[in-house]
Number of protein chains: 4
Amino acid sequence: MSINTNTSVPIYQQIADHVRGRVAAGIHRPGEMLPSIRALAIELVVNPNTVQRAYDELDWEGLVELRRGVGFVVTEQGVRVARNQLEQAARGSFSQGIVLARSANISEESIRGIFDRAMSDSGVREGGGT
Amino acid sequence: MSINTNTSVPIYQQIADHVRGRVAAGIHRPGEMLPSIRALAIELVVNPNTVQRAYDELDWEGLVELRRGVGFVVTEQGVRVARNQLEQAARGSFSQGIVLARSANISEESIRGIFDRAMSDSGVREGGGT
Amino acid sequence: MSINTNTSVPIYQQIADHVRGRVAAGIHRPGEMLPSIRALAIELVVNPNTVQRAYDELDWEGLVELRRGVGFVVTEQGVRVARNQLEQAARGSFSQGIVLARSANISEESIRGIFDRAMSDSGVREGGGT
Amino acid sequence: MSINTNTSVPIYQQIADHVRGRVAAGIHRPGEMLPSIRALAIELVVNPNTVQRAYDELDWEGLVELRRGVGFVVTEQGVRVARNQLEQAARGSFSQGIVLARSANISEESIRGIFDRAMSDSGVREGGGT
DNA sequence: GTGGTCTAGACCACA
DNA sequence: GTGGTCTAGACCACG
């Protein structure tokens with residue numbers, strides 16, 4: 001994972017979203033421990049406080065829980081919670097985009113066209129190159 | 001129009017987006033003047049500085065221009081600019097939502113389903129457009 | 001208000017509890033603004049970050065909300081929320097004490113005696129002195 | 001007994017409180033030996049260091065004493081000490097709850113009501129005691 | 001080893 | 001003026 005410091009999205013949010021994605025995708029399973037705050041802070045080259053804030057958020061949401069002397073572990077409900085949150089977030093972004101487009105009187109067809117282009121663009125993965 | 005002070009979207013951006021929409025939709029036509037800063041500030045119950053910042057942004061984008069002794073008037077290119085801006089913004093929102101959904105390993109089909117629901121929920125207002 | 005740095009209760013918790021009490025008691029009414037983070041930090045001689053964390057907690061709980069450019073204001077539901085929280089917290093403390101006492105096989109009457117003494121002691125207010 | 005790893009109460013304290021209760025209730029009598037550190041650690045599925053810390057605390061309090069080659073045995077004064085400790089702890093919890101309730105301007109009557117509910121909810125186990 | 005709290009101080013966005 | 005974020009670094013409690 002890599003942090004983007006040129007966006008307005010706070011770093012702790014990027015981290016939280018990243019973990020949500022990994023939990024929702026089954027990379028971190030219930031009962032498993034997340035990377036320790038310090039380890040992740042070193043890996044991402046950010047301050048431990050920043051990682052902690054991200055983990056705190058996931059804790060409040062019930063996605064993970066703190067096990068004393070161990071660390072943060074994914075809860076049973078974590079996968080469901082993560083999936084829901086990401087779906088809701090995605091839906092919120094879509095709605096926001098639709099409102100913007102509609103305010104310009106862009107037709108439904110054109111809106112779908114914009115969405116389709118976004119879909120195919122995001123589907124591109126790097127394939128190598130020089 | 002109404003301002004939402006409880007969202008994370010800055011007020012000045014809400015105003016700017018609103019004006020972009022009206023220009024793109026042909027409510028404000030090239031050569032026509034926008035509501036004066038003071039008038040709009042009073043109507044929206046916001047600080048004039050905030051309206052100023054919104055208008056400044058539209059000015060930088062070339063959507064409107066300041067005509068001395070008159071006020072901000074829509075430029076010739078304004079409609080096109082407004083449309084572009086909103087389309088790009090919509091596209092950005094879509095991309096952001098897609099990234100979130102993909103991070104959770106949500107299938108393309110499901111993503112389209114989420115989008116479709118957002119489309120129908122937002123409701124159709126007028127026909128026309130592109 | 002005064003901060004007690006000799007307890008295990010975090011400073012931000014003390015601050016949050018203090019505000020909860022003031023809201024529940026009607027000192028801060030719905031729609032009214034809390035002391036600004038910086039002002040309170042200076043008054044209590046703590047770091048602004050610490051006050052912010054307290055306010056954040058109250059925000060998550062729905063007791064206050066952030067109004068852009070203004071500050072944190074008490075919500076409509078704030079009074080009810082604060083009262084509920086404090087009542088629940090009090091009840092939790094009572095339950096904890098009861099469990100401890102019962103584990104020692106202390107009779108119900110004796111437990112009530114302990115409680116009564118705590119009640120009368122807490123009722124004492126300073127009355128002057130040299 | 002069962003350890004709760006999700007509470008803010010340290011495990012070593014849960015263990016110490018448990019032993020205090022058993023001594024105060026006469027389950028462990030003066031001169032009798034406590035379960036060995038290793039045995040209790042295995043039974044509770046915790047680190048032996050944690051049990052050690054609990055026993056140390058009881059030792060400092062004079063509730064038990066380490067007899068070389070034997071283990072921790074309850075002292076003569078142990079019952080009295082245990083009872084005192086638990087009573088003080090209970091009293092502390094009560095005071096804390098009362099402070100919280102008073103800060104919300106909850107009437108003395110209501111506070112007693114909250115306490116009564118906590119009492120009845122906690123249920124009566126055995127008779128006897130003081 | 002794990003996380004929790006706090007400080008000092010900086011920089012930014014918004015109204 | 002308001003709050004939001006982040007860093008560097010310290011100290012503590014727990015297991």
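Order of the sequence lines sets the chain letters (A, B, ...), proteins ahead of strands, with each chain counted from 1.
Out of E:dT7, F:dA8, F:dG15, the shortest distance to the side chain of D:Asn47 is found at F:dG15.
Partners of A:Glu43 under the salt bridge (Lys or Arg N to Asp or Glu O under 4.0 Å) rule, at least two apart in sequence or in another chain, do not exist in this structure. Residues satisfying the salt bridge (Lys or Arg N to Asp or Glu O under 4.0 Å) criterion with D:Arg91, sequence neighbours excluded, are C:Asp121.
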Expected list for residues 2-12 of chain D: side-chain donor-acceptor pairs under 3.5 angstrom, two or more places apart:
{"from": "D:Asn4", "atom 1": "OD1", "to": "D:Asn6", "atom 2": "N", "distance (Å)": "2.8"}
{"from": "D:Thr7", "atom 1": "OG1", "to": "D:Val9", "atom 2": "N", "distance (Å)": "3.3"}

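To the nearest 0.5 Å, atoms CD (D:Gln52) and CD (D:Glu57) are separated by 12.5 Å.
Spacing between atom CG of B:Asn6 and atom C1' of E:dA15 amounts to 15 Å, rounded to whole angstrom units. In this structure, the CG atom of B:Leu40 is 14 Å from the P atom of E:dA15, given to the nearest Å. The CD1 atom of D:Ile3 sits 14 Å away from the P atom of F:dC14 (whole-angstrom rounding).
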Distances for protein N or O near nucleotides 1-5 of chain E N or O, under 3.5 Å:
{"from": "E:dT2", "atom 1": "OP1", "to": "A:Ser36", "atom 2": "OG", "distance (Å)": "3.2"}
{"from": "E:dT2", "atom 1": "O4", "to": "A:Arg38", "atom 2": "NH1", "distance (Å)": "3.4"}
{"from": "E:dT2", "atom 1": "O4", "to": "A:Arg38", "atom 2": "NH2", "distance (Å)": "3.4"}
{"from": "E:dG3", "atom 1": "OP1", "to": "A:Ile37", "atom 2": "N", "distance (Å)": "3.2"}
{"from": "E:dG3", "atom 1": "OP2", "to": "A:Ile37", "atom 2": "N", "distance (Å)": "3.2"}
{"from": "E:dG3", "atom 1": "N7", "to": "A:Arg38", "atom 2": "NH2", "distance (Å)": "3.0"}
{"from": "E:dG3", "atom 1": "O6", "to": "A:Arg38", "atom 2": "NH2", "distance (Å)": "2.6"}
{"from": "E:dG4", "atom 1": "OP2", "to": "A:Gln52", "atom 2": "NE2", "distance (Å)": "2.3"}
{"from": "E:dT5", "atom 1": "OP1", "to": "C:Tyr12", "atom 2": "OH", "distance (Å)": "2.9"}
{"from": "E:dT5", "atom 1": "OP2", "to": "C:Arg53", "atom 2": "NH1", "distance (Å)": "3.0"}
{"from": "E:dT5", "atom 1": "OP2", "to": "C:Arg53", "atom 2": "NH2", "distance (Å)": "3.0"}

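Sorted by first then second residue, the side chain to side chain donor-acceptor pair (under 3.5 Å) pairs that include residues 60-71 of chain D, not counting sequence neighbours, are D:Arg20-D:Glu61, D:Glu65-D:Arg67.
Residue whose closest nucleotide on DNA chain F sits further toward the 5' end, between D:Thr50 and A:Val45: A:Val45.
Of the side-chain N and O atoms in C:Arg68, none sit less than 4.0 angstrom from OP1 or OP2 of E:dC14.
In this structure the side chain of B:Thr75 never reaches within 4.5 angstrom of the side chain of B:Val81, judged on heavy atoms. D:Leu86 has its side chain within reach of C:Ser103: a pair of non-hydrogen atoms, C-beta onward, lies under 4.5 Å apart. For the pair B:Leu66/B:Tyr55, no side-chain contact is recorded, criterion being any heavy-atom separation below 4.5 Å from C-beta on.
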Can you give the dot-bracket line for DNA chain E, where a pair is Watson-Crick or G-U wobble with both atom distances under 3.5 Å, crossing pairs use [ ], and | marks a partner on another strand?
||||||||||||||.

